[in-house]
Amino acid sequence: MTIRTRFAPSPTGYLHIGGVRTALFSWLYARKHGGQFILRIEDTDLERSTEEAVTAILAGMKWLGLNHDEGPFYQTQRFDHYHAVIAQLVAESKAYYCYCSKERLENLRQEQLARKEKPRYDGHCRHLSVPPTTTAAPVVRFKNPEVGEVVVKDLIKGTVIFNNRELDDLIIARSDGSPTYNFTVVVDDWEMQITHVIRGDDHLNNTPRQINILRALGATVPQYAHVAMILGSDGQKLSKRHGAVSVLNYQEEGYLPEALLNYLVRLGWSHHDQEIFSRQEMIELFELEAVNSAPAAFNPEKLLWLNQHYIKTGEPARLAEHLRFQCELLGIETQAGPPLAEVVTAQAERAKTLREMAQNSRYFFTEKVQYEEKAVQKHLTTEIKKPLSDLANRLEQLTEWQPTSIQAVVHAIADQYQLKLGKIAQPLRVAMTGTAVSPPIEVTVYLIGQQRSVARIRQVIT
RNA sequence: GCUCCCUUCGUCUAGUGGCCUAGGACAUCGCCCUCUCACGGCGGCGACAGGGGUUCGAGUCCCCUAGGGAGCGCCA
């Protein structure tokens, strides 16, 4: 049997961290078993679904490299399938028309709540032999079994047993004829031959209803795996404050897709003590049985650590493209500066995001350096102007512009004036960058270039 | 209210009855390295929610309590 998993987001909001993790788990499971990963857009809520959300979901999946083999399917384009199945169910008396008014339902609900009962439909129209004389359009309800239990063998939660007495006859078609969620999911998972339904555990309670419908349809029941939700860093429900923002925001903020994926795969899943997983390793090692059934809190610091890990270990040429993207966002012209890959190498161990790297690399690309008042006051003293002047001259005469030769010159000046290295390196750094922080001085000078370096020193000492 | 799920350091987790005086990672603190910031190295602080069982032995199995969360929609 070929493994088939799916990711079925509803485009009523953006693709956030929680959704991405579920998608990742589904994708990994399919890839690991050489199966198929299907993307399905659950857009039946016409009121709240938006085109932008669909675009953002697709873009997010693409950015992360979570490629699908089939789809994207749109539920709004599958209404004829749902209608056909509803008609079949009604014809077989496995579903029925319900004419109850919303008022009646609301009263019923209030009464049940008052009696401290779980609010459920009472089956009023289930045994109606003749339709009532009413002008209101009916809904269609599924005839849920009234006795017995449904056993869900969840791959993450374990065996969960639901008593059919706790369930009621849910609406599968609204009065306007449109199908409802619990029904479309079932029809789609069935028709798309999904073998493993991996989704958020907020759906665990829906599972027995869906299994009952599947059984009524004579369909094979898929395996289920309910993943716990992601909490905010404060242990509360994830909100916009923590990361319930579009996954594309992470791209804009300078995160690498491999870092986000690595972070998310370890949130709720583990393989012994291993923290770093390449895409290939994730695929090979991932298993649903090792997924934690408890919710996990989102920890931005660890994501940052992983991001820097991938910045430090990634291919500079590839990271350079990410840096270029960030520079563009920040309006930094990179044309006239040093090769971006070399900037990446120089800055990798002092940037946690590519955005941060771009921000801290402005001085490599601009003619007009912004000088920090504090740094200038502290390091560009009058006593240092003579050594800096000599240094500029020596640098100007260098025939070989390399970090090693630059370093030799800096050391020579330090020796000549009997200065500790820091006493000349820091003033030089401020002259070059406007700040007291940068990569090793010889690398900084090297990357800024001979002409610019000499010019910057002379500018600050005149 | 009812049903279901969850509970190991601040956080992510290892742990599948003896290897646990509970291991790793992030964060944090200290030291070292050092031209700055970092990176790196070394070390410190720090947890089995509580209570009952079962067992020779429980973080690990069972029950209860407490605390979190989800569902109970003509939303998905």
Side-chain angles (χ1 to χ4, degrees), chain A residues 8-13 42-45 47-49 75 98 102 105 109 112-120 137-141 152 154 156-158 160-163 165-168 170-178 180-182 184-185 200-208 226 228-229 231 233-237 263 266-276 292-306 308 312 347-352 360 375 379 407 410-411 414 420-430 433 435-442 444:
Chain A
S10 83
T12 51
E42 307 211 326
D43 55 352
T44 51
D45 184 351
E47 302 279 301
R48 299 190 300 148
S49 296
Q75 290 191 319
C98 169
K102 289 189 179 180
L105 261 21
R109 187 188 154 77
Q112 288 167 328
L113 248 19
R115 267 183 269 130
K116 297 184 191 264
E117 281 173 20
K118 184 174 181 171
R120 330 208 272 295
V139 297
V140 179
R141 285 185 186 270
V152 181
D154 192 275
I156 292 172
K157 302 283 183 186
V160 185
I161 299 169
F162 294 88
N163 198 307
R165 282 195 303 266
E166 297 296 333
L167 275 25
D168 65 355
L170 77 160
I171 292 172
I172 58 176
R174 304 183 181 96
S175 47
D176 67 358
S178 63
T180 59
Y181 167 76
N182 273 301
T184 56
V185 174
D201 72 356
D202 47 338
H203 292 289
L204 183 57
N205 286 300
N206 288 328
T207 308
H226 287 94
M229 24 178 306
L231 272 22
S233 43
D234 53 1
Q236 297 299 111
K237 195 173 172 181
Y263 177 72
R266 276 289 287 108
L267 199 60
W269 174 78
S270 60
H271 181 71
H272 309 297
D273 283 340
Q274 189 169 342
E275 295 288 349
I276 305 297
N292 198 157
S293 56
F298 181 76
N299 181 201
E301 282 79 31
K302 191 158 183 183
L303 205 211
L304 241 17
W305 172 74
L306 275 163
Q308 181 167 38
K312 285 188 297 188
Q347 295 281 46
E349 55 195 31
R350 63 209 96 230
K352 293 193 184 299
N360 294 336
H379 299 289
Q407 188 174 31
V410 176
H411 275 96
K420 285 175 74 174
L421 191 56
K423 289 295 177 193
I424 185 70
Q426 280 305 84
L428 176 56
R429 174 169 280 115
V430 175
T433 70
T435 81
V437 175
S438 86
I441 194 62
E442 70 278 8
T444 304

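Just so it is clear, the values below take in all heavy atoms, side chains as well, and ignore hydrogens, waters and symmetry mates. Every value quoted in this text rests on a predicted model; they were computed, and no experiment measured them. So you know, we letter chains A, B, ... as the sequences are listed, proteins then strands, and number each from 1.
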Practice problem: Go through the N and O atoms of the side chain of Gln112(A) and the base of C2(B), and report whether any donor-acceptor pair is under 3.5 Å. | Solution: no

(message) Quick check: any donor-acceptor pair below 3.5 Å linking the side-chain of Arg350(A) to the base of C37(B)?
(response)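 Present.
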
With both distances under 3.5 Å as the test, what is the Watson-Crick or G-U wobble partner of [N]?
N: C33(B); value: none
N: C2(B); value: G71(B)
N: A47(B); value: none
N: A66(B); value: U7(B)

When we call it a touch if two heavy atoms are under 4.0 Å apart, what does [X] touch: a base, just sugar-phosphate, or nothing?
X: Gly268(A); answer: sugar-phosphate
X: Ser49(A); answer: nothing
X: Glu42(A); answer: sugar-phosphate
X: Val160(A); answer: sugar-phosphate
X: Ser175(A); answer: base
X: Pro9(A); answer: nothing
X: Ala228(A); answer: nothing

Separation of [X] atom [atom1] from [N] atom [atom2], in whole Å?
X: Gln426(A); N: C37(B); atom1: CD; atom2: C1'; answer: 9 Å
X: Asp45(A); N: A76(B); atom1: CG; atom2: P; answer: 5 Å
X: Lys157(A); N: C5(B); atom1: NZ; atom2: P; answer: 9 Å
X: Trp269(A); N: U13(B); atom1: CH2; atom2: P; answer: 12 Å
X: His272(A); N: U16(B); atom1: NE2; atom2: P; answer: 10 Å
X: Arg429(A); N: U34(B); atom1: CZ; atom2: C1'; answer: 11 Å
X: Ile441(A); N: U34(B); atom1: CD1; atom2: C1'; answer: 14 Å
X: Gln308(A); N: C37(B); atom1: CD; atom2: C1'; answer: 12 Å

Heavy-atom donor-acceptor pair, [X] side chain to [Y] backbone, under 3.5 Å:
X: Tyr263(A); Y: Trp305(A); result: no
X: Thr12(A); Y: Arg48(A); result: no
X: Arg429(A); Y: Pro439(A); result: yes
X: Asp43(A); Y: Ser49(A); result: no
X: Lys423(A); Y: Ala414(A); result: no

Side-chain atoms of Ser293(A) come closest, of A14(B), C74(B), C6(B), to C6(B)

Under 4.0 Å: is that the gap between some side-chain N or O of [X] and OP1 or OP2 of [N]?
X: Thr44(A); N: A76(B); answer: yes
X: Ser438(A); N: C37(B); answer: no
X: Lys312(A); N: G40(B); answer: yes

Determine the Euclidean distance between corresponding [atom1] atoms of [M] and [N]; express it in Å to zero decimal places.
N: U13(B); M: C6(B); atom1: C1'; answer: 16 Å
N: A47(B); M: U21(B); atom1: P; answer: 15 Å
N: A14(B); M: U60(B); atom1: C1'; answer: 13 Å
N: U65(B); M: C29(B); atom1: C1'; answer: 38 Å
N: G41(B); M: C5(B); atom1: C1'; answer: 44 Å
N: C26(B); M: G40(B); atom1: P; answer: 8 Å
N: C72(B); M: G15(B); atom1: P; answer: 34 Å
N: C4(B); M: C63(B); atom1: P; answer: 13 Å

Handout entry: 5' priority, RNA chain B, between Ser270(A) and Ala173(A) [closest heavy atom]
Key =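 In this pair, the answer is Ser270(A).
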
Assign each of Glu442(A) and Leu105(A) the nucleotide of RNA chain B bearing its closest heavy atom; nearer the 5' end lies the nucleotide of Glu442(A)

Could you check Thr184(A) against Thr44(A) for side chain to side chain donor-acceptor pair (under 3.5 Å), going step by step and ending with a plain yes or no?
-> CA-CA 9 Å; Thr184(A) 56; Thr44(A) 51; 4.9 Å; no

State the [atom1]-[atom2] distance between [X] and [Y], to the nearest 0.5 angstrom.
X: Arg165(A); Y: Lys118(A); atom1: CZ; atom2: NZ; value: 11.5 Å
X: Leu428(A); Y: Glu442(A); atom1: CG; atom2: CD; value: 10.0 Å
X: His379(A); Y: Thr435(A); atom1: NE2; atom2: OG1; value: 9.0 Å

| task | Pick out which of His203(A), Gln75(A), Glu42(A) makes a side chain to side chain donor-acceptor pair (under 3.5 Å) with Tyr181(A). | result |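 Looking at His203(A), Gln75(A), Glu42(A), the match for Tyr181(A) under the side chain to side chain donor-acceptor pair (under 3.5 Å) is His203(A).
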
Flag side-chain contact, heavy atom, 4.5 Å: Gln347(A) against Asn360(A):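 They are in contact (side-chain heavy atoms under 4.5 Å apart), so the answer is yes.
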
Side chain to side chain donor-acceptor pair (under 3.5 Å), that's the test. Do Asp176(A) and Ser178(A) meet it? Break it down for me. CA-CA 6 Å; Asp176(A) 67 358; Ser178(A) 63; 2.7 Å; yes

Checklist entry - Given the rule in the side chain to side chain donor-acceptor pair (under 3.5 Å) test, do Arg115(A) and Gln112(A) qualify, once you have shown the distances and angles that lead to the verdict? => result CA-CA 5 Å; Arg115(A) 267 183 269 130; Gln112(A) 288 167 328; over 6 Å; no

Would you tabulate the pairs of protein nitrogen or oxygen atoms and nucleotide nitrogen or oxygen atoms of nucleotides 25-30 of chain B closer than 3.5 angstrom?
residue : atom : partner   : partner atom : Å
A25(B)  : O4'  : Glu275(A) : OE2          : 3.4
C26(B)  : OP1  : Trp305(A) : NE1          : 3.3
C26(B)  : O2'  : Lys302(A) : N            : 3.3

Might you list the N or O atoms of the protein lying below 3.5 Å from N or O atoms in nucleotides 68-72 of chain B, with each pair's distance?
residue : atom : partner   : partner atom : Å
A70(B)  : N3   : Asn205(A) : ND2          : 3.3
G71(B)  : O4'  : Asn205(A) : ND2          : 3.4
C72(B)  : O2'  : Pro119(A) : O            : 2.6

